[in-house]
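This structure is a prediction, so every number in the text was calculated from the model and none was measured. Chain identifiers are assigned alphabetically (A, B, ...) following the order of the sequence lines, protein sequences preceding nucleic acid strands; residue numbering begins at 1 within each chain.
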Amino acid sequence: MGTTSPDYDFRSIEPRWQKYWHDNRIFRATAPSEKPKYYVLDMFPYPSGAGLHLGHCENYTISDIVARYKRACGYNVLYPIGWDAFGLPTENYAVKTGKHPRDVTRDNVETFRRQLKSIGVSYDFEREINTTDPGYFRWTQWIWLQLFRLGLAYVEEKPVWWCPALGTVLANEEVIDGKSEVGGHPVERRPLRQWVLRITAYADRLLEGLKDLDWPDSTKRMQEAWIGRSEGSEVEFDIQELPGEKLKIFTTRVDTIFGATYMVIAPEHPLVPRLTTDAQRQQVEAYVKAAANKSDLERTDLAKDKTGVFTGSHAINPATGQPIPIWIADYVLISYGTGAIMAVPGHDERDYEFARKFDLPILRVIEPLDGGEPELPFCEPGRMINSGEFTGLTTEEGKARLNAHFAAQGRGRGTVNYKLRDWLFSRQRYWGEPFPIVWVSREDYQAALATAGDAIAVPEQPVTCVIDGVEWYALPMPESALPLELPEVESYQPTGTGESPLAAMTDWLEIWHHPATGEAVPASQPRPGPEWIRGRRETNTMPQWAGSCWYYLRYLDPHNDQQLVDPELLAYWGTPDLYIGGAEHAVLHLLYARFWHKVLHDIGVVPMDEPFKRLFHQGIILGEDGEKMSKSRGNVANPDEVIEQYGTDTLRLYLMFLGPPEAMKPWNPKGIEGVFRFLRGLWREVIDSEGNVSAKVVDGPEQDPETERLLHQTIEKVTADIEHLRLNTVVSQLMILRNQIQKAQTVSRQTIRTFLQLLQPFAPHIANELWTRLGETDDINTAPWPKADPDKLVVEQVKVMVQVNGKVRGQLMVAPDTPEAEVVEMARANERVRAHLDGKTLRKVIYVPGRILNLVVG
RNA sequence: GCCGAGGUGGCGGAAUUGGUAGACGCGCUAGAUUCAGGAUCUAGUGUCCGCAAGGACGUAGGGGUUCGAGUCCCCUCCUCGGCACCA
């Protein structure tokens, strides 16, 4: 397989080994196997038209190093790749060019696959998956049917983020500072019928599950904050003007209730119309209307200035019995808690600000535990004052006592709230998974359940919606009818009405539906039989997150058309042992996937309850100027060009050498020379100018003790560093070893062999090539990983630094087990040291064996 | 504003439990080789004083603990990431 070229001709070496690996299926993962398994996974790439960038290269080099290393360590390694190919950019491109998104996707995938192969990653390409493949999204739809059956999917007409430029609705998470995350277009609120997934039902478990994960702390903290668990109390306030009606609020500081001097409800609160008195109606209506038109930006980020309007009504503070005014203000959010609060301006900054602005009374009902009258608002926990029978209790005691007190009255209880919202799970787009449901009338729904029998499973509470005054029922398709494929359409242009292009496909949309088989014929045709019912398909499609929520399971069994994954394969491979991808997915993808995984766990599909045990985020590669790479800045480095000039082994090695894998690091095009010289220098140590194995390489054991010791130190360091993903220092260590080899007169074949094994995960092409040229006959990719021999690591002499009063004054070479007294004598005999001891008394001696001797004098 | 991570030569970055700060690489300087350029090789390269030996200073800034601090503690400044009226 090797060549006879005298030069380090990476342009011929690299493609040749890539072809060899492919033709001989070297990296195919097979199961079952006697070997222990190791599953390393990259985050699902979106095959964009732009192709691979350096960030991809860094990500995949890290995982490839781990995969190759683990293989050499004797593991059966599963290292797959696939395509998260539904989504907006492809559809937008299709809209622009008139090409079918399917064709755009296919072209992009081809580009990506070719580029991936050109960086030499050892994926098992036979397990490639694609979310847009009906054989794949059939199971995405299957999972959705389970969510539906479990009552975890529902439909709601609610104000959502509508982006006019993208012609679609966005999830909360896709809106950043009032602009779309993709493209930065302005967004507005608009009510639309939406599918929503009840992720909040899993809030507690998603929070709990974080504890045992080997994830970056920052990511765990972000998820924790996103879930935002908050313990507090719900309390119902009577309304003076509306006897019998209650206003329910949520507070985390029920101990401050004696200081509640007014109430605030969100502009969208359902009680607004009834609370509003005639005198206030004009003002209130104007305010509510204005709030509805405000963008998120205006309402939160920029306008910290409090606004609000008095409704004219009053609540009765249940603690004091006093009437307090009810205001409307948009600093209270309808989507959190109950959409209403009791305002305690003395002990809450926001309420304080509002009270000052509108001249509402401010009371002091909490004092610090150590007394005093701090400036208001005082928001720390403390001791209750001016609080009737509760005066004197601490915040903690007060909360418990008041919860019990209000519970006894039937007007309150302790409760928990989450910032986490249910997951908006629909897009008004073409290029996504269709929902496998049919909208039918109430009567047909009942009839269909009878007809279909066990073929379909529905939630206890039917999912319904009202379109143009007509009520519709969501009837699931039978699992046997999956996948529900996308119809061919003329145009992918968004309708702009909030409906997807699918809404224009009348024959696909309006159908006669058979509930038990899932068959359909266009409604324009005659009804095929009595059990067929009139239905309308769902025009929304699923968001891009859907396909990436469970793909790590499909790699275990990518071609199975009977089930999502064979349980035996699942038992063997399990979930990924290491998951590598960018920190930008810290909350969204990683939270959604955990949610789906827990649902799959609950219905017995997967035995483990978390998908990603160990997570690693690679850092971003910045441009030369230290700024984020972007076309507009003109600081983008193109991997193809680097590979053309230096080869992919050099690129891979340099990406690792740049700095810690998790750190943000600037790309420096000059530095790559050093890494290239390293590889070429290695080549020249092994191959002479005739193209033969260099005469410097000799048979037999290593003769040079210094080289031998360094070799074993290197084995030790490289192994430990790969395990901990400290890949930058691995490269340094290999350079140190090569420098030593270069200095030596001769080097043993065995030393070179081991060196190549250590290098192989990082620079596999040159390692394979030199290995072969050396005449090695076994496979470097699976040859057992070298082990450091502890006997070879021992040194006869160690360097001990001698300090006087903490300052280095000399050094000694001593045997490691030299007694302290002897070392001290040697130090005193040292001329330089003596100069600093003369005329002074030795007060203390600190000796760290083999490291340092500190003589304290005075 | 809140939470978190970080600040080490001209540059990217190394530094077990506190124990030679600056490994490795880039760049730079000098020399060798070369018609030249490039490439390669050798030596040097934290700052300051000094011919040198040697010494002083030095890990954002200030204070502290310690025989000894890049590393531990307190304060300040700066950079980056996340959250941002969640009651």
Trainee: Between atom CD1 in Ile265(A) and atom P in rC85(B), what is the gap in whole Å?
Mentor: 20 Å

Trainee: Measure CZ/Arg726(A) against C1'/rC24(B) and give the value in whole Å, please.
Mentor: 16 Å

Trainee: Go through rU20(B), rC85(B), rC24(B) for me and flag the one nearest to the Ile736(A) side chain.
Mentor: rC24(B)

Trainee: Expressed in whole Å, how much space separates the C1' atoms belonging to rA43(B) and rG50(B)?
Mentor: 22 Å

Trainee: Which part of the nucleic acid, if any, lies within reach of His617(A) when heavy atoms closer than 4.0 Å are counted: base, sugar-phosphate only, or nothing?
Mentor: nothing

Trainee: Using only heavy-atom distances, determine whether the side chains of Thr307(A) and Tyr287(A) contain a donor-acceptor pair under 3.5 Å.
Mentor: yes

Trainee: Provide the distance between the two C1' atoms, one in rU65(B) and one in rC26(B), to the nearest whole Å.
Mentor: 39 Å

Trainee: Suppose you measure atom P in rA14(B) against the same atom in rA60(B); what distance do you get, rounded to whole Å?
Mentor: 15 Å

Trainee: Taking any heavy-atom pair under 4.0 Å as a contact, classify Arg229(A): base, sugar-phosphate, or nothing.
Mentor: nothing

Trainee: Would you say Lys807(A) reaches rC57(B)'s phosphate, i.e. side-chain N/O to OP1/OP2 under 4.0 Å?
Mentor: yes

Trainee: Check the phosphate of rU16(B) against Arg851(A), side-chain N and O only, distance under 4.0 Å to OP1 or OP2. Yes or no?
Mentor: no

Trainee: If the C1' atom of rA21(B) is compared with that of rC74(B), how far apart are they to the nearest Å?
Mentor: 24 Å

Trainee: State which of rA87(B), rC85(B), rU40(B) makes the closest approach to the side chain of Arg684(A).
Mentor: rU40(B)

Trainee: Rounded to the nearest Å, what distance is computed from the CG atom of residue Leu734(A) to the C1' atom of nucleotide rA23(B)?
Mentor: 14 Å

Trainee: Enumerate the protein-to-nucleotides 63-70 of chain B contacts in which both atoms are nitrogen or oxygen and the separation is below 3.5 Å.
Mentor:
{"from": "rC67(B)", "atom 1": "O2'", "to": "Asn854(A)", "atom 2": "ND2", "distance (Å)": "3.3"}
{"from": "rC67(B)", "atom 1": "O2", "to": "Asn854(A)", "atom 2": "ND2", "distance (Å)": "2.4"}

Trainee: Please report the distance, rounded to the nearest Å, between CG in Leu855(A) and C1' in rU20(B).
Mentor: 15 Å

Trainee: Given Met629(A), which of Ile620(A), Leu622(A), Leu54(A) fulfils the side-chain contact (heavy atoms from CB on, under 4.5 Å) condition?
Mentor: Leu54(A)

Trainee: Could you tell me whether the phosphate oxygens of rA87(B), OP1 or OP2, come under 4.0 Å of any side-chain nitrogen or oxygen in Tyr336(A)?
Mentor: yes

Trainee: Please state whether the phosphate of rC26(B), meaning OP1 or OP2, lies under 4.0 angstrom from any side-chain nitrogen or oxygen of Arg677(A).
Mentor: yes

Trainee: What about the rings of Phe657(A) and Phe678(A), do their centers lie closer together than 6.0 Å?
Mentor: no

Trainee: So, is rG46(B) syn or anti if syn means the angle is within 90° of 0?
Mentor: anti

Trainee: With a cut-off of less than 4.0 Å, is there a side-chain N or O of Arg809(A) near OP1 or OP2 of rG55(B)?
Mentor: yes

Trainee: Mapping Thr729(A) and Gly228(A) onto RNA chain B by nearest heavy atom, which one lands closer to the 5' end?
Mentor: Thr729(A)

Trainee: Keeping to residues at least two apart or across chains, list the salt bridge (Lys or Arg N to Asp or Glu O under 4.0 Å) pairs with something in residues 674-685 of chain A.
Mentor: Glu685(A)-Lys696(A)

Trainee: Is a donor from one side chain sitting under 3.5 angstrom from an acceptor on the other, for Tyr331(A) and Asp351(A)?
Mentor: yes

Trainee: What's Lys419(A) touching, base or sugar-phosphate or nothing? Going by heavy atoms closer than 4.0 Å.
Mentor: base

Trainee: Please give the nucleotide sitting opposite rU45(B) as a Watson-Crick or G-U wobble pair, both distances under 3.5 Å, or none.
Mentor: rG27(B)

Trainee: What contact category does Asn739(A) fall into here, base, sugar-phosphate, or nothing, at under 4.0 angstrom with non-hydrogen atoms?
Mentor: sugar-phosphate

Trainee: Test Glu58(A) against every option in Arg652(A), Gln618(A), Lys665(A) by the side-chain hydrogen bond (donor to acceptor under 3.5 Å, both in side chains) rule and name the one that passes.
Mentor: Lys665(A)

Trainee: Verify whether one side chain among Ser230(A) and Asn417(A) offers a donor that lies under 3.5 Å from an acceptor in the other.
Mentor: no

Trainee: Determine, for Glu224(A) against Arg229(A), whether the closest basic-nitrogen to carboxylate-oxygen distance falls under 4.0 angstrom.
Mentor: no

Trainee: Taking CD from Glu224(A) and P from rG81(B), how many angstroms apart are they, rounded to a whole number?
Mentor: 22 Å

Trainee: Measure from OH on Tyr8(A) to P on rA39(B) and round the result to the nearest Å.
Mentor: 18 Å

Trainee: Would you say the side-chain atoms of Arg843(A) pair up with the backbone N or O of Val856(A), donor to acceptor, closer than 3.5 Å?
Mentor: no

Trainee: Take atom NZ of Lys357(A) and atom C1' of rC85(B), then tell me their distance rounded to the nearest Å.
Mentor: 14 Å

Trainee: In whole angstrom, give me the gap between the P atoms of rU45(B) and rU34(B).
Mentor: 28 Å

Trainee: Please check: side-chain N/O of Thr261(A) versus main-chain N/O of Pro361(A), any donor-acceptor pairing under 3.5 Å?
Mentor: yes

Trainee: Among Ile621(A), Asn635(A), Asp625(A), find the one that has a side-chain contact (heavy atoms from CB on, under 4.5 Å) with Trp667(A).
Mentor: Ile621(A)

Trainee: When you compare rG63(B) with rU59(B), how far apart are their P atoms, in angstrom units rounded to a whole number?
Mentor: 12 Å

Trainee: Start at the 5' end of RNA chain B and walk down; is the nucleotide closest to Ile672(A) or to Lys717(A) reached first?
Mentor: Lys717(A)

Trainee: Any N/O pairs under 3.5 Å between the protein and nucleotides 9-13 of chain B? List them or say none.
Mentor:
{"from": "rG12(B)", "atom 1": "O2'", "to": "Leu658(A)", "atom 2": "O", "distance (Å)": "2.6"}

Trainee: Report the distance from atom NZ of Lys743(A) to atom P of rC41(B), rounded to the nearest whole Å.
Mentor: 14 Å

Trainee: With sugar-phosphate meaning primed atoms plus P, OP1 and OP2, does Arg843(A) contact a base, only sugar-phosphate, or nothing at under 4.0 Å between heavy atoms?
Mentor: nothing

Trainee: Looking for any heavy atom pair under 4.0 Å, which part of the strands does Ile341(A) touch: base, sugar-phosphate only, or nothing?
Mentor: base

Trainee: How far, in whole Å, is rG70(B) from rG7(B) if one measures between their C1' atoms?
Mentor: 11 Å

Trainee: Please give the distance between the C1' atoms of rC51(B) and rG58(B) as a whole number of Å.
Mentor: 25 Å

Trainee: For Met222(A), answer base if it contacts any base atom (sugar-phosphate contacts may also be present), sugar-phosphate if it contacts only those atoms, and nothing otherwise; contact means non-hydrogen atoms under 4.0 Å.
Mentor: sugar-phosphate

Trainee: Side-chain N or O of His347(A) less than 4.0 angstrom from OP1 or OP2 on rA87(B)?
Mentor: no

Trainee: Using a 6.0 Å cut-off, check whether atom CD of Gln797(A) has over 12 heavy atoms from anything other than its own residue.
Mentor: yes

